[in-house]
Amino acid sequence: MGRGGTSRSAGAFRTPLRAVLLVAALAVTGCAAEGPRAARAPSPSMADGPSPKATSDVDLCVSIVGHWSREVLDGRGYGDYQSMGMSGGQYDILREVVDSARAARRQGAGNIDVLVERQAREGCTAWYRSGGPGEGPWR
């Protein structure tokens, strides 16, 4: 006894399957035609321009200390020095900068950002001149 519904012959499935396989083969062949060199070739704008400048340890320290000093001075909360991405030495610099900025603010100083930037740079430069992290007794 037969099953219900219409039956399809095996040939009815071959035509769509052949079409799918043909499209897939063309897609793979088309991608491979460019070759591996096309993927590695630099763009003209990248080849002509200078490479990006690396950030120095002092500049990175100044950026971190300056950012968190402003956060503290603006009253936004912060965690411990590790959650801020700082080392113990950078945190010491931060505390000195914040203390100086608060004192200057109490005395009516106008542009605290300039003071923060200058003191952060002085502290970070001195810290890295004396070795910075990894150069002291913990090395």
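- A distance-only check finds no donor-acceptor pair linking the side chain of Trp68 to the backbone of Leu94 [under 3.5 Å].
- Considering only heavy atoms from C-beta on, Val116 comes within 4.5 Å of Arg70 through its side chain.
- With Arg121 contributing its side chain and Cys61 its backbone, the two residues share no donor-acceptor pair below 3.5 Å.
- Paired with Cys124 under the rule side-chain contact (heavy atoms from CB on, under 4.5 Å), one option of Val58, Asp57, Asp59 passes, and it is Val58.
- How far CG of Asp99 is from CD of Gln119: 9.5 Å, rounded to the nearest 0.5 Å.
- A pairwise comparison of heavy atoms in Ala120 and Gly66 identifies CB-N, 4.4 Å as the closest pair.
- The backbone N or O of Asp113 sits less than 3.5 Å from a side-chain atom of Asn111, completing a donor-acceptor pair.
- Checking side-chain atoms of Ser100 against main-chain N and O of Val97 turns up no donor-acceptor pair under 3.5 Å.
- Connection of Leu73 to Met84 is established within a shared hydrophobic cluster, with ILVMFWY side chains joined at heavy-atom distances below 4.5 Å, either directly or through further cluster members.
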Check against side-chain contact (heavy atoms from CB on, under 4.5 Å), Arg102 and Val72: CA-CA 10 Å; Arg102 283 180 177 154; Val72 171; 3.3 Å; yes
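- Between the CD atom in Glu117 and the CD atom in Glu122 there is a gap of 10.5 Å [rounded to 0.5 Å].
- Interatomic distance, Asp92 CG to Arg95 CZ, rounded to the nearest 0.5 Å: 4.5 Å.
- When hydrophobic clusters are built by joining Ile, Leu, Val, Met, Phe, Trp and Tyr residues whose side-chain heavy atoms come closer than 4.5 Å, directly or via intermediates, Tyr128 is grouped together with Ile64.
- Note that CD1 of Ile112 and OG of Ser69 are 11.5 Å apart. Values are rounded to the nearest 0.5 Å.
- The CG atom of Leu60 sits 7.0 Å away from atom CD of Gln90, with the distance rounded to the nearest 0.5 Å.
- Sorted by first and then second residue, the pairs that involve residues 81-115 and meet ring-ring contact (aromatic ring centres under 6.0 Å, His included), not counting sequence neighbours, are Tyr81-Tyr91.
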